[in-house]
Amino acid sequence: MALQWMILTYVVVAEAGIAILLTLPSPKAIKSRIVSLISLTLQPSLFIIPFAAFQLLDIYWKNEHRLMCTGEICTAAERDRYERSIYKAQRNAILCVAACLLYWCIYRVCKYYKEIQSIEEVEKRLKDE
């Protein structure tokens, strides 16, 4: 299970780096190449959405079937273990949501940039006429 969360963490870090790279100001030629390269990788990296959704379902299922440790019967170690598992589940849920949200942001930024390019081309063509 830890490998799945490590992969998801690396994907979120990569997506955050790409989002920062897309939003940084840069010359038009470099920006268009960056956007075209990232647009080519968007479709294959779509796997992250069902992967994160499956992980969220796994978190939900484990939360529903987790043994509660709130009574006086539990020892301090058991209570600490229970609280740690709750914190891990919350962290992992935030990680899944962040992966989906960052993917969507990257997709929208690339799409907006392509729309701006096409509008600029139409404007240039109309000015030439």
Side-chain angles (χ1 to χ4, degrees):
M1 263 327 252
L3 180 63
Q4 293 171 344
W5 296 113
M6 191 172 73
I7 290 170
L8 195 61
T9 303
Y10 288 145
V11 167
V12 168
V13 168
E15 285 179 342
I18 290 171
I20 289 171
L21 185 66
L22 279 175
T23 56
L24 284 176
S26 59
K28 218 174 203 181
I30 295 173
K31 185 70 138 189
S32 65
R33 289 185 187 255
I34 290 172
V35 169
S36 65
L37 177 67
I38 292 172
S39 294
L40 289 174
T41 63
L42 276 177
Q43 188 174 6
S45 62
L46 183 65
F47 80 92
I48 196 62
I49 304 298
F51 184 72
F54 176 75
Q55 296 301 325
L56 280 173
L57 285 175
D58 186 49
I59 291 170
Y60 175 75
W61 187 85
K62 286 180 180 177
N63 189 36
E64 289 295 317
H65 295 86
R66 181 177 286 131
L67 295 176
M68 298 297 286
C69 187
T70 55
E72 294 178 8
I73 313 167
C74 294
T75 64
E78 289 173 338
R79 195 171 297 116
D80 286 342
R81 183 171 180 246
Y82 173 75
E83 288 176 2
R84 258 195 322 264
S85 70
I86 295 293
Y87 292 139
K88 279 184 182 179
Q90 291 172 348
R91 178 200 62 201
N92 293 338
I94 290 171
L95 197 62
C96 291
V97 170
C100 295
L101 184 65
L102 281 169
Y103 180 85
W104 179 79
C105 288
I106 291 169
Y107 171 77
R108 294 307 299 178
V109 167
C110 287
K111 186 172 179 172
Y112 286 146
Y113 187 78
K114 286 181 178 182
E115 287 175 4
I116 289 171
Q117 279 183 330
S118 67
I119 290 171
E120 287 175 350
E121 288 173 5
V122 168
E123 181 185 10
K124 185 178 179 183
R125 200 170 357 127
L126 289 174
K127 280 185 179 179
D128 290 342
E129 290 177 358

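Hydrogens, waters and symmetry mates play no part in the numbers below; they use all other heavy atoms, side chains included.
Taking 4.5 Å as the limit, every side-chain heavy atom of Ile38 sits out of range of all side-chain heavy atoms of Val109. The closest side-chain heavy-atom distance from Phe51 to Val11 is not below 4.5 Å. A heavy-atom distance below 4.5 Å is found between the side chains of Ile106 and Glu15. In this structure the side chain of Leu22 reaches within 4.5 angstrom of the side chain of Cys110, judged on heavy atoms. Side-chain contact between Cys74 and Tyr82 is absent, with no heavy atoms from C-beta onward closer than 4.5 Å. Side-chain atoms of Lys31 and Leu24, non-hydrogen and from C-beta on, never get closer than 4.5 Å to each other. The side-chain heavy atoms of Ser39 and Tyr113, taken from C-beta on, include no pair separated by under 4.5 Å. In this structure, the side chains of Arg91 and Lys88 come closer than 4.5 Å at one or more pairs of heavy atoms.
In this structure, Arg108 is positioned above the aromatic face of Tyr112, its NZ or CZ under 6.0 Å from the six-membered ring centre and within 45° of the axis.
Judged by distance alone, with hydrogens and angles left aside, the side-chain atoms of Asp58 form no donor-acceptor pair with the main-chain N or O of Phe54 at under 3.5 Å. Checking side-chain atoms of Glu78 against main-chain N and O of Thr75 turns up a donor-acceptor pair under 3.5 Å. Using modelled atom types, no side-chain atom of Lys62 and backbone atom of Leu57 make a donor-acceptor pair closer than 3.5 Å.
Taken together through direct or relayed side-chain contacts under 4.5 Å among Ile, Leu, Val, Met, Phe, Trp and Tyr, Ile94 and Leu56 form parts of separate hydrophobic clusters. Hydrophobic clustering keeps Trp104 apart from Leu46 (ILVMFWY residues linked when any side-chain heavy atoms are closer than 4.5 Å, directly or through intermediates). Cluster membership for Tyr10 and Ile20, using ILVMFWY side-chain heavy atoms within less than 4.5 angstrom, is not shared. With hydrophobic clusters built from ILVMFWY side chains whose heavy atoms lie under 4.5 angstrom apart, Leu42 shares a cluster with Leu102. Under a hydrophobic-cluster definition in which Ile, Leu, Val, Met, Phe, Trp and Tyr are linked whenever side-chain heavy atoms come within less than 4.5 Å, directly or via other members, Val12 and Leu101 are assigned to different clusters.
Residue Trp5 is tested with Leu3, Ile7, Leu8 for a side-chain contact (heavy atoms from CB on, under 4.5 Å); the sole match is Leu8.
Here the OG-CD distance, from Ser85 to Gln90, works out to 9.5 Å after rounding to the nearest 0.5 Å. Annotation: the span from Thr23 atom OG1 to Ile18 atom CD1 amounts to 12.0 Å, rounded to 0.5 Å.
For CD of Gln43, the number of neighbouring non-hydrogen atoms (other residues, nucleotides, ligands) closer than 6.0 Å is 12 at most. In this structure, Tyr107 places its OH atom where only 12 or fewer heavy-atom neighbours from other residues, nucleotides or ligands lie under 6.0 Å away.
For the pair Cys96 and Ala52, the tightest heavy-atom approach, listed with the atom from each and the gap, is SG-O, 3.6 Å.
Ion pairing between a basic and an acidic side chain is recognised when a charged N comes within 4.0 Å of a carboxylate O; Lys28 and Glu120 show such pairing.
Shown here are the side chain to side chain donor-acceptor pair (under 3.5 Å) partners of Asp80, two or more places apart in sequence or in another chain: there are none.
Residues near Trp61 contribute nothing to a hydrophobic cluster around it, because no ILVMFWY side-chain heavy atom sits closer than 4.5 Å to its side chain.
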